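Let me begin by presenting the structure, written as structure tokens, before commenting on it.
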Amino acid sequence: MQDDLVSAIKSSVTKPPRSGETVITIDGIRGIASRFEIPALRIEITALQAGIIPLRYLSNIGTLGIPGQLELLRSCVGICGLGGLGGYVVELLARIGVGHLILADGDIFEEDNLNRQNLCTESSLGRLKAEEAAERVRVINSSLRVAAHSRFVAGGDVREIYGETDLVVDALDTVSARFALEAGCTELGIPMVHGAIAGDSGQVMTIFPGDPGLKIIYSSGDDRGVETIEGNPSTTPALVASVQATEAVKIICGGEPLRRGFLLIDTSSNLYQFIPLE
């Protein structure tokens, strides 16, 4: 069947204006997927293996290359927490083409989320964040696999929920939950991309098993931080989540993650500084 599949893909290619690349459109992918009764994701992977680019990813290729896009489509990323940070991370990873997303959050959208949470709209108030996030992924990129868990993740849940992931993005808002997620990722032997925000500032660090971890940063014992006073305007989660999504892509495709330290961002003073940790 593989040869027939490649032939069908090649017969559906086109060349967009101002591009010398050979591409296949969403309609072409959907038509082949329906004809062969297989997932569209497999069509996209097969096309890239044949040097044919799904048009939706064309603007990724100059940066990632076809091998990088293939790695993304074959990867699985978990996102824990689907509020200010997590909503933007979901959006970005769905658009860039991470093939399988596993999402978890037990919360619902409330009115004070509207200022900063990408997935929160007036019509989604009172609805489960995980279900809204999964629906957003399907609207953006219907080829992807997405699993939604409407539950808060405790320490013992990490393996159950994220056991098949290549990495997990920490978009949580309490220190205790972050510690539990970090411990679970260490047990699984996978990296965790940490992010936190407060007011105009934020931080991002990627923690591989054996790296200096969150206990060095969060040594006060407080479960919540200065964000309870400074709040979170809409710009800060968008910025920090973009860095987190970039870290996820670097882990999957190759690059230099923010390891053994954290990137401190303070937009009020235009500060972007990497702080090493021992």
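One is the number of the first residue; the rest follow in order along the sequence. Model, not experiment: these values are computed from the prediction.
The minimum heavy-atom distance linking E131 with S150 is given by the pair CG-OG, 3.9 Å. T236 and S201 make their closest contact through CG2-O, 3.3 Å (heavy atoms, listed as atom of the first residue, atom of the second, distance).
More than 12 heavy-atom neighbours from other residues, nucleotides or ligands sit within 6.0 angstrom of CZ on R151.
No side-chain heavy atom of Y162 sits under 4.5 Å from any side-chain heavy atom of L167. Using a 4.5 Å heavy-atom cutoff, the side chains of R138 and E135 are in contact. Residues M205 and L277 have side chains in contact (heavy-atom distance under 4.5 Å, counting atoms from C-beta outward). Two residues are said to be in side-chain contact when any heavy atoms from C-beta on lie closer than 4.5 Å; V23 and T14 meet this criterion.
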I'd like a table of donor-acceptor pairs (distance under 3.5 Å, sequence neighbours excluded) in which one partner is a side-chain atom from residues 82-98, with atom names and distances.
residue : atom : partner : partner atom : Å
E91     : OE1  : N118    : ND2          : 3.2
E91     : OE1  : R136    : NE           : 2.8
E91     : OE1  : R136    : NH2          : 3.3
E91     : OE2  : R95     : NE           : 2.9
E91     : OE2  : R95     : NH2          : 2.9
E91     : OE2  : R136    : NH2          : 2.9

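Atoms CG and CD1, on N270 and I265 in that order, are 12.0 Å from each other to the nearest 0.5 Å. Rounding to the nearest 0.5 Å places CZ of F208 at 4.5 Å from CD1 of I251. Note that OG of S34 and CD1 of I29 are 13.5 Å apart. Values are rounded to the nearest 0.5 Å. Considering CG of L258 and CG of L263, their distance stands at 5.5 Å, rounded to 0.5 Å. Taking CD from E111 and CG from L125, the interatomic distance works out to 6.0 Å, rounded to the nearest 0.5 Å. Taking OH from Y57 and CG from L73, the interatomic distance works out to 4.5 Å, rounded to the nearest 0.5 Å.
At a threshold of 4.5 Å between side-chain heavy atoms, the hydrophobic network of Ile, Leu, Val, Met, Phe, Trp and Tyr places I26 and I9 in two separate groups. Tracing side-chain contacts under 4.5 Å through hydrophobic residues (I, L, V, M, F, W, Y), one reaches V13 starting from I43; they form part of the same cluster.
Through side-chain heavy atoms spaced under 4.5 Å, either directly or across other Ile, Leu, Val, Met, Phe, Trp or Tyr residues, L128 is tied to I108.
A search for salt bridge (charged side-chain N to carboxylate O under 4.0 Å, His left out) contacts involving E110 returns nothing, not counting sequence neighbours.
Under 3.5 Å, the side chains of E132 and S124 contain no donor-acceptor pair of N or O atoms.
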